[in-house]
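Naming convention: chains lettered A, B, ... in sequence-line order (proteins, then strands); numbering from 1 in each chain.
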Amino acid sequence: MPELPEVETIRRYLEQRLTGQRIEGVTIRHASLRRPVSRTLPKKLAGQTIQAVERRAKYLLLRCGTGTLILHLGMTGRLTVLPAATPALKHDHLDLLLADKKCLRFNDSRRFGTVLWTTQDPRLHPLLADLGIEPLKPDFTGAYLHQRARGRIVAIKNFIMNQHVVVGVGNIYASEALFQAGIHPARPAGKLSLQRYERLAGAIQQVLEAALAAGGTTLRDYRQGDGNPGGFQVQLLVYGRAGEPCTTCGRPVQQTRIGQRSAYFCRKCQR
DNA sequence: AATCGCGCCTGACGGC
DNA sequence: TGCCGTCAGGCGCGAT
């Protein structure tokens with residue numbers, strides 16, 4: 001669900017509303033996320049002040065006085081700032097109660113999300129320490145991808161979705177970026193030229209920036225913090241468009257399965 | 001080290 | 001209407 005543009009959209013929303021806020025308490029309704037929420041979280045968080053809201057890959061980092069709350073939205077996670085008295089709905093698993101009588105509410109129907117507290121540098125936490133490069137930073141280049149891909153036989157689509165290589169690219173933007181770069185999603189990563197990687201790096205940056213500018217892509221679950229859907233779904237060129245004409249050549253968009261995930265592409269325009 | 005497949009969950013949808 | 005199978009935007013883990 002949320003890939004980099006969606007998580008960054010939520011980060012900006014949260015940054016506005018949470019920075020400088022004191023956490024009065026925590027309500028845990030369902031701790032049974034895939035990685036169970038620690039029962040000691042209320043004790044750790046009560047009295048902390050949120051100093052900054054950062055993002056690393058698809059993780060959100062709420063920097064507090066003596067530690068950091070690490071959040072991941074999985075496929076269906078939502079974060080919203082609401083009046084604390086708002087009745088909880090189904091899948092509202094956790095609230096951070098804020099000093100201004102509002103709360104940060106975490107809702108996640110599939111419970112693939114993560115909420116955990118760390119007192120170490122969060123970027124050194126085992127979940128974050130080995131993450132790859134941020135694609136919107138200047139050091140993300142075709143040369144970097146080309147070098148990392150040397151000798152690897154994995155499909156290029158899986159390669160760019162590998163968070164240990166480059167972060168933030170999920171199933172939607174992988175298909176979109178490969179279409180823009182004219183690369184067939186099943187091509188072995190180690191067999192693409194530097195030139196083609198340069199085009200791909202540019203395409204990844206372009207599609208992520210455009211999606212971010214539109215507030216993300218909403219197909220079903222994703223919502224911006226204010227509850228509104230994103231707007232990028234109308235700009236998708238191949239994702240979810242199986243059978244529809246390619247916007248470049250008119251041939252029907254193909255759908256296939258690569259690494260147990262749907263991949264969308266144009267047989268003529270992507271080689 | 002790299003790759004593959006599985007499992008964690010709920011909900012929506014299509015076919016019958 | 002209901003039942004069943006399939007699929008969904010992620011990711012960590014163990015086996016190979």
Side-chain angles (χ1 to χ4, degrees), chain A residues 1-10 29-37 55-60 70-79 89-94 106-116 125-132 147-178 185-191 204 207-208 211-212 214-224 229-243 255-264:
Chain A
M1 148 198 211
E3 307 180 39
L4 189 149
E6 291 76 27
V7 178
E8 178 61 21
T9 298
I10 292 174
R29 297 189 193 80
H30 302 283
S32 58
L33 304 187
R34 182 161 171 262
R35 184 179 298 270
V37 179
R55 179 187 60 75
R56 169 69 173 122
K58 300 177 195 172
Y59 290 91
L60 289 164
I70 301 177
L71 299 164
H72 195 290
L73 300 174
M75 297 254 270
T76 52
R78 292 183 190 179
L79 289 167
L89 301 175
K90 202 173 181 184
H91 307 308
D92 283 343
H93 303 315
L94 180 138
F106 176 72
N107 174 291
D108 184 7
S109 62
R110 289 176 76 179
R111 287 190 265 139
F112 288 175
T114 297
V115 179
L116 66 92
H125 186 281
L127 287 176
L128 280 74
D130 300 323
L131 290 170
Q147 196 277 324
R148 288 292 308 268
R150 271 205 313 197
R152 297 179 67 162
I153 58 164
V154 71
I156 184 63
K157 175 163 176 284
N158 292 344
F159 180 70
I160 60 172
M161 288 173 65
N162 182 343
Q163 302 299 300
H164 298 291
V165 175
V166 53
V167 300
V169 180
N171 208 38
I172 295 177
Y173 301 121
S175 277
E176 292 297 308
L178 288 166
R187 293 274 313 213
K191 296 208 164 176
I204 288 170
V207 70
L208 293 178
L212 182 55
T217 298
T218 298
L219 297 179
R220 182 176 297 164
D221 298 300
Y222 166 72
R223 290 291 182 278
Q224 303 183 56
F232 194 69
Q233 57 279 3
V234 302
Q235 296 179 59
L236 296 174
L237 299 180
V238 286
Y239 185 86
R241 300 194 51 201
Q255 179 177 5
T256 185
R257 234 159 151 79
I258 300 174
Q260 295 117 254
R261 308 299 298 276
S262 287
Y264 297 87

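B:dC8 atom C1' lies 17 Å from atom NE2 of A:His30, rounded to whole Å. Atom CD1 of A:Ile172 and atom P of C:dC7 are 17 Å apart (whole Å). What separates CG of A:Leu33 from C1' of C:dG10 is a distance of 14 Å, to the nearest Å. In this structure, A:Leu73 atom CG and C:dG10 atom P are separated by 11 Å, rounded to whole Å. Between A:Asn171 atom CG and C:dC11 atom C1' the separation is 13 Å, expressed in whole Å. What separates CD of A:Gln255 from P of C:dG9 is a distance of 9 Å, to the nearest Å. In this entry the distance linking CG of A:Asp221 with P of C:dG9 reads 11 Å, nearest Å. Taking atom CG of residue A:Asp108 and atom P of nucleotide B:dC8, one finds them 16 Å apart after rounding to whole Å.
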**Q.** Stepwise side chain to side chain contact (heavy atoms under 4.5 Å, CB included) check, A:Lys58 with A:Leu4
**A.** CA-CA 6 Å; A:Lys58 300 177 195 172; A:Leu4 189 149; 5.6 Å; no
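Side-chain contact annotation: A:Tyr239 with A:Ser262, donor-acceptor N/O pair under 3.5 Å absent. Under 3.5 Å, the side chains of A:Thr9 and A:Gln224 contain no donor-acceptor pair of N or O atoms. Remark: the A:Thr76 side chain and the A:Asp108 side chain contain an N/O donor-acceptor pair separated by less than 3.5 Å. Side-chain atoms of A:Arg111 and A:Ser32 include a donor-acceptor pair closer than 3.5 Å. Residues A:Asn171 and A:Lys157 have side chains that bring a donor and an acceptor to within less than 3.5 angstrom of each other. Side-chain atoms of A:Tyr222 and A:Glu6 include no donor-acceptor pair closer than 3.5 Å.
Of the inter-residue distances, the one linking A:Leu60 atom CG with A:Arg55 atom CZ reads 8.5 Å to the nearest 0.5 angstrom. Note that CE of A:Met75 and CZ of A:Arg220 are 10.0 Å apart. Values are rounded to the nearest 0.5 Å.
The side chain of A:His72 sits closest to C:dC11 out of C:dA8, B:dT10, C:dC11. Of the candidate nucleotides B:dC9, C:dC11, C:dA8, C:dC11 has the atom lying nearest to any side-chain atom of A:Lys58. Residue A:Tyr239 has its side chain nearest to C:dG9 when only B:dC9, C:dG9, C:dG10 are considered.
Put simply, the side chain of A:Arg35 reaches to within 4.5 Å of the side chain of A:Leu116, judged on heavy atoms.
Annotation: proximity of residues 149-159 of chain A to DNA chain B (heavy atom, distance under 4.0 Å) is found for A:Arg152, A:Ile153, A:Val154, numbered in ascending order.
Between the P atoms of B:dC6 and C:dT6, the separation comes to 14 Å (whole Å). Only the P atoms considered, C:dC7 is 16 Å distant from B:dG5, to the nearest whole Å.
Between A:Arg261 and the phosphate of C:dA8, there is no side-chain N or O to OP1/OP2 separation shorter than 4.0 Å. At B:dC13, none of the side-chain N or O atoms of A:Arg220 fall inside 4.0 Å of OP1 or OP2 (strictly under the cut-off).
By the ring-ring contact (aromatic ring centres under 6.0 Å, His included) test, A:Phe106 is found to be paired with no residue, residues two or more places apart in sequence or in another chain being considered. Remark: A:Phe159 engages no residue in a ring-ring contact (aromatic ring centres under 6.0 Å, His included) (not counting sequence neighbours). For the ring-ring contact (aromatic ring centres under 6.0 Å, His included) test, residues two or more places apart in sequence or in another chain that qualify with A:His30 are A:His93.
Nearer the 5' end of DNA chain B, as judged by each residue's closest nucleotide, is the contact made by A:Arg148, out of A:Gln260 and A:Arg148.
Remark: ring of A:Phe112 stacked against base of C:dG10; centroid gap under 5.5 Å, plane tilt under 30°.
Heavy atoms of A:Tyr173 sit nowhere under 4.0 angstrom from any nucleic acid atom.
Counting only Watson-Crick and G-U wobble pairs whose two distances sit under 3.5 Å, DNA chain C takes part in these stems of three or more pairs: B:2-8 with C:10-16, B:10-16 with C:2-8.
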Set out, line by line, the N/O atom pairs under 3.5 Å between protein and nucleotides 12-16 of chain C.
unit_1, atom_1, unit_2, atom_2, d
C:dG12, OP1, A:Tyr59, OH, 2.8

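With hydrogens and angles left out, the side chain of A:Arg110 and the base of C:dA8 share a donor-acceptor pair within 3.5 Å.
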